[in-house]
Amino acid sequence: MPATVPKPTNLRTPPGIIVTILILSAAASALICWLVYFHAPTDVAGTHLRSLPLVNAILNALATIALVTGYREIRERRILHHRASMFAAFFFSSIFLVSYLVNFTLHGETHFNRFNHWWPFYWKLLASHIVLSVIALPMILITFFLSLTGRFPAHRRLARWTFPIWLYVSVTGVIVYLMQAACQ
């Protein structure tokens, strides 16, 4: 028999929480932008933690697996399994974000050869990945907040948008890594 969660009362989300999440998300995006465009890499020679891009791709792949598993679990109304899968996805994505920031701090941006025949596809994929990752971060945090505070109707409404965007960002992160690795 599937596990169920008690029905919540009609709770209203404090606007201050949403504003705080949006501010934190904007600050994280600004930090990444600064690291990419203005910060000089501290390990230009690439001698420290060279495997971070691979680690990031693995973390994105694990987040993808957890997301798909969580989706399957909620479709089968296995709420506790869904919750565990989504916490796993959140964990892998959070560790990815830290590792990604460390990688950019150390090594800077990875350049893709613009003369490569894959360049037209690569830059469009990368651009969509970047734009949607900026959008996904606050959506993920708000969706989690709604779930953790028992606001399940609002959680469901937002999760319908959050899931495909988060999944796309995770999958394209792996594809971008594989394209970069193949062309290095």
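- With sequence neighbours excluded, no residue forms a side-chain hydrogen bond (donor to acceptor under 3.5 Å, both in side chains) with Y71.
- Both L35 and F38 belong to a single network of hydrophobic side chains, linked directly or stepwise wherever heavy atoms of I, L, V, M, F, W or Y lie under 4.5 Å apart.
- Rounded to the nearest 0.5 Å, atoms CG (L62) and CD1 (I58) are 7.5 Å apart.
- Atom-to-atom distance recorded for S85:OG and L80:CG is 11.0 Å, nearest 0.5 angstrom.
- Rounding to the nearest 0.5 Å gives a distance of 13.5 Å between CG of N56 and CZ of F92.
- Contact detail for H82 and G70: the closest heavy-atom pair is ND1-O, 2.8 Å.
- Using a distance-only test at 3.5 Å, with no hydrogens or angles considered, no donor-acceptor pair links the side chain of S99 to the main chain of I95.
- The closest side-chain heavy-atom distance from N116 to Y122 is not below 4.5 Å.
- When all heavy atoms of N60 and G173 are compared, the pair lying nearest together is ND2-CA, 3.7 Å.
- How far NE2 of H155 is from CZ of R160: 10.0 Å, rounded to the nearest 0.5 Å.
- Aromatic rings of F87 and F91 (six-membered ring for Trp) have centroids beyond the 6.0 Å cut-off, not under it.
- Note: T105 OG1 to L52 CG = 10.0 Å, rounded to the nearest 0.5 Å.
- Atom NE2 in H81 sits 11.0 Å away from atom OG1 in T69 (nearest 0.5 Å).
- Cluster annotation: V19 is not connected to L24 through the hydrophobic network of ILVMFWY side chains, with a link wherever side-chain heavy atoms come within less than 4.5 Å.
- By the criterion of side-chain heavy atoms lying less than 4.5 angstrom apart, applied directly or through intervening Ile, Leu, Val, Met, Phe, Trp or Tyr residues, M86 is grouped together with V68 in one hydrophobic cluster.
- Within 6.0 Å of the CH2 atom in W161, the count of heavy atoms belonging to other residues, nucleotides or ligands does not exceed 12.
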Task: Test log, rule side chain to side chain contact (heavy atoms under 4.5 Å, CB included), inputs I32 and F104 - done: CA-CA 8 Å; I32 292 169; F104 260 98; 5.5 Å; no
Donor-acceptor contacts, no H, no angles, side chain residues 127-145, under 3.5 Å, sequence neighbours left out:
{"unit_1": "S128", "atom_1": "OG", "unit_2": "K124", "atom_2": "O", "d": "3.3"}
{"unit_1": "S128", "atom_1": "OG", "unit_2": "L125", "atom_2": "O", "d": "2.8"}
{"unit_1": "S128", "atom_1": "OG", "unit_2": "Y168", "atom_2": "OH", "d": "2.5"}
{"unit_1": "H129", "atom_1": "ND1", "unit_2": "V169", "atom_2": "O", "d": "3.2"}
{"unit_1": "H129", "atom_1": "ND1", "unit_2": "T172", "atom_2": "OG1", "d": "2.7"}
{"unit_1": "S133", "atom_1": "OG", "unit_2": "H129", "atom_2": "O", "d": "3.2"}
{"unit_1": "S133", "atom_1": "OG", "unit_2": "I130", "atom_2": "O", "d": "2.7"}
{"unit_1": "T143", "atom_1": "OG1", "unit_2": "M139", "atom_2": "O", "d": "2.6"}
{"unit_1": "T143", "atom_1": "OG1", "unit_2": "T162", "atom_2": "OG1", "d": "2.9"}

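- Using a 4.5 Å heavy-atom cutoff, the side chains of F121 and M179 are in contact.
- I23 and I17 end up in different hydrophobic clusters when Ile, Leu, Val, Met, Phe, Trp and Tyr side chains are linked at under 4.5 Å.
- By the 4.5 Å heavy-atom criterion applied to side chains, S170 and F96 are not counted as neighbours.
- A continuous path of hydrophobic side-chain contacts links V174 to Y100 [ILVMFWY only; heavy atoms under 4.5 Å].
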